[in-house]
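Comments concern the structure below.
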Protein chains: 2
Amino acid sequence: MSSPSLRLSPTECTCFRLRGAARRVTVIYGKHLAPTGLKISQFSLLGFIVAEGPVSIGRLAELVATDRTTLTRNLRPLLHDGLVEPAISGDRRRRDFVATAAGRALFKRALPLWAEAEQEVRTAMGAKLTTDLHGALDRSMEKLAEL
Amino acid sequence: MSSPSLRLSPTECTCFRLRGAARRVTVIYGKHLAPTGLKISQFSLLGFIVAEGPVSIGRLAELVATDRTTLTRNLRPLLHDGLVEPAISGDRRRRDFVATAAGRALFKRALPLWAEAEQEVRTAMGAKLTTDLHGALDRSMEKLAEL
DNA sequence: AGCCAGAATGTGTATATGCACGTAATGCTG
DNA sequence: CAGCATTACGTGCATATACACATTCTGGCT
């Protein structure tokens, strides 16, 4: 356990691997979702808003594990397209958002396309690898959350 | 094997998981590399250029599994900071790049900081999870490469 | 030589991402 | 109730990311 870092080469960068894989799958989901005009990140975000009723930026930031300020901007396209709208909240510091009827409808329409993409990826990887990857990612997120 | 997609909920999105994990670790590496002024993506890119001698955009795109056009712009900061410079290539369609002395020096200086970050992540995850995650990611990239 | 299919790249556009810094509202505390 | 630490945000800045479309070369074919 002394200094295992002596053997570490940038070739074995965890970050590089994760980012690479994320890019690859992002493209795949993007192709499937294209007809809806939604990017995968928008699809996810919209999904959380649909599911969570009125939510604040801060809460969304926790849910999607993204920087707060990033979400401020990621919400813009959704607002612009009328998929999401502001909701009154008790605390005037907070900005709550809800999905509009159009937003809920589009999400519903996008769902099967997302499932297609998910299926494509899972089929390519196989059931075992899918399980392994999800498991490893979930456990990683837990461990890294504490940092 | 008929339609396993019936049970798929967006909660189990492979893409969402991968992107989330990638974001998390990116921040960690970023903090460690901050003193060098390099982002993790720049560190990786610079590393490949240092290692591969004169390389073209297209070749780099393969190496880092990134869209060609993204690399065109990702190279800009490195060029601007004099870490990388154009190299003459036989084919005038191609633009080759090499690391400058400053680039090589900075990369060398960044290496231990990268190792720190990598260590932090690995320590948080533990050896087994690290191995599992890398294995799953590597196998995934292989399978997804064929798409 | 002349032409053209294909290769290697750049640009416009739009989104995603996080940090440093700044602002407004809340609630506690003296 | 005035003051202040805290909370919940937004903005400027820089980079990352990819697609559609346009451009420039190269190499082979006639």
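Hydrogens, waters and symmetry mates play no part in the numbers below; they use all other heavy atoms, side chains included. Predicted, not measured: the structure shown is a model, and the values here were computed from it. Note on naming: letters A, B, ... go to the chains in the order of the sequence lines (proteins, then strands), and numbering restarts at 1 for each one.
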Notebook entry, point to check: What is the distance, rounded to the nearest whole Å, between atom CG of B:Leu45 and atom P of D:dT15?
Noted result: 13 Å
Item checked: Single-linkage hydrophobic cluster A:Val25~A:Met141, side-chain heavy atoms < 4.5 angstrom -> no
Next item on the list: Starting at atom CG of B:Leu33, determine the distance to atom C1' of C:dC19, rounded to an integer number of angstrom.
Entry: 15 Å
Notebook entry, point to check: Would you call B:Arg139 and B:Glu142 a salt bridge, taking side-chain N to carboxylate O under 4.0 Å as the test?
Noted result: no
Note to self: If the cut-off is 4.0 Å, is B:Gln42 near the phosphate of D:dA16, judged by side-chain N/O to OP1 or OP2?
What the structure shows: yes
Next item on the list: Decide whether B:Glu120 and B:Tyr29 meet the rule of one side-chain donor and one side-chain acceptor closer than 3.5 Å.
Entry: no
Item checked: OP1 or OP2 of D:dA18 under 4.0 Å from side-chain N/O of B:Thr70 -> yes
Notebook entry, point to check: So what does A:Ser41 touch, heavy atoms closer than 4.0 Å: a base, only the sugar-phosphate, or nothing?
Noted result: sugar-phosphate
Note to self: Between D:dT24 and B:Arg93, counting only base atoms on the nucleotide and side-chain atoms on the residue, is there a donor-acceptor pair under 3.5 Å?
What the structure shows: no
Next item on the list: Tell me what A:Arg68 touches on the nucleic acid: a base, only sugar-phosphate, or nothing, going by heavy atoms under 4.0 Å.
Entry: base
Notebook entry, point to check: Which of the following nucleotides, C:dC19, C:dT11, D:dA18, is nearest to the side chain of B:Arg76?
Noted result: C:dT11
Notebook entry, point to check: Which one of A:Leu113, A:Leu45, A:Leu46, A:Asp81 satisfies the side chain to side chain contact (heavy atoms under 4.5 Å, CB included) criterion with A:Leu38?
Noted result: A:Leu46
Checklist line | Nucleotide D:dT17, atom P - distance to NZ of B:Lys39 in whole Å | finding: 12 Å
Next item on the list: Please report, rounded to the nearest Å, how far the C1' atom of D:dT15 is from the NE2 atom of B:His80.
Entry: 13 Å
Next item on the list: From the options D:dC25, D:dA16, C:dT26, select the nucleotide whose nearest atom is closest to the side chain of B:Asp91.
Entry: D:dC25
Note to self: At 4.0 Å (heavy atoms only), tell me whether A:Thr26 reaches a base, stays on the sugar-phosphate, or touches nothing.
What the structure shows: nothing
Checklist line | Atom-pair distance (CZ on B:Arg24; P on C:dC19), nearest Å | finding: 12 Å
Next item on the list: Kindly say whether the aromatic ring centers of A:Phe16 and B:Phe48 come within a distance under 6.0 Å.
Entry: yes
Checklist line | A:Ser56 side chain near D:dC9 phosphate (N/O to OP1/OP2, under 4.0 Å) | finding: yes
Notebook entry, point to check: D:dT15, D:dC19, C:dT17: which one has an atom nearest the side-chain heavy atoms of A:Arg73?
Noted result: C:dT17
Note to self: Which is more 5' along DNA chain D, the nucleotide nearest A:Arg19 or the one nearest A:Arg59? Just name the residue.
What the structure shows: A:Arg59
Check: With respect to the phosphate group of D:dT17, does any side-chain polar atom (N or O) of B:Asn74 fall under 4.0 Å of OP1 or OP2?
Finding: yes
Notebook entry, point to check: Do B:Ser56 side-chain atoms and B:Arg94 backbone N/O form a donor-acceptor pair below 3.5 Å?
Noted result: no
Margin query: Under 4.0 Å, counting only non-hydrogen atoms across every strand here, what does A:Thr69 touch: a base, just sugar-phosphate, or nothing?
Written below: base
Checklist line | 5' priority, DNA chain D, between B:Asp67 and A:Val55 [closest heavy atom] | finding: A:Val55
Item checked: Euclidean distance, atom CG of residue B:Leu60 to atom P of D:dA18 [Å, nearest integer] -> 14 Å
Margin query: Is the phosphate of D:dC19 approached by A:Lys31 (side-chain N or O, under 4.0 Å from OP1 or OP2)?
Written below: yes
Checklist line | Interatomic distance where CD1 belongs to B:Ile28 and C1' belongs to C:dT17 [whole Å] | finding: 15 Å
Next item on the list: Whole angstrom is fine here: how far is it from CG in A:Leu71 over to P in C:dA16?
Entry: 10 Å
Margin query: If you assign B:Arg94 and A:Gly90 each to the DNA chain C nucleotide with the nearest heavy atom, which residue ends up on the more 5' nucleotide?
Written below: B:Arg94
Next item on the list: Measure from the side chain of B:Arg92, starting at C-beta and using heavy atoms only, and say which of C:dC19, C:dT17, D:dC25 lies closest.
Entry: D:dC25
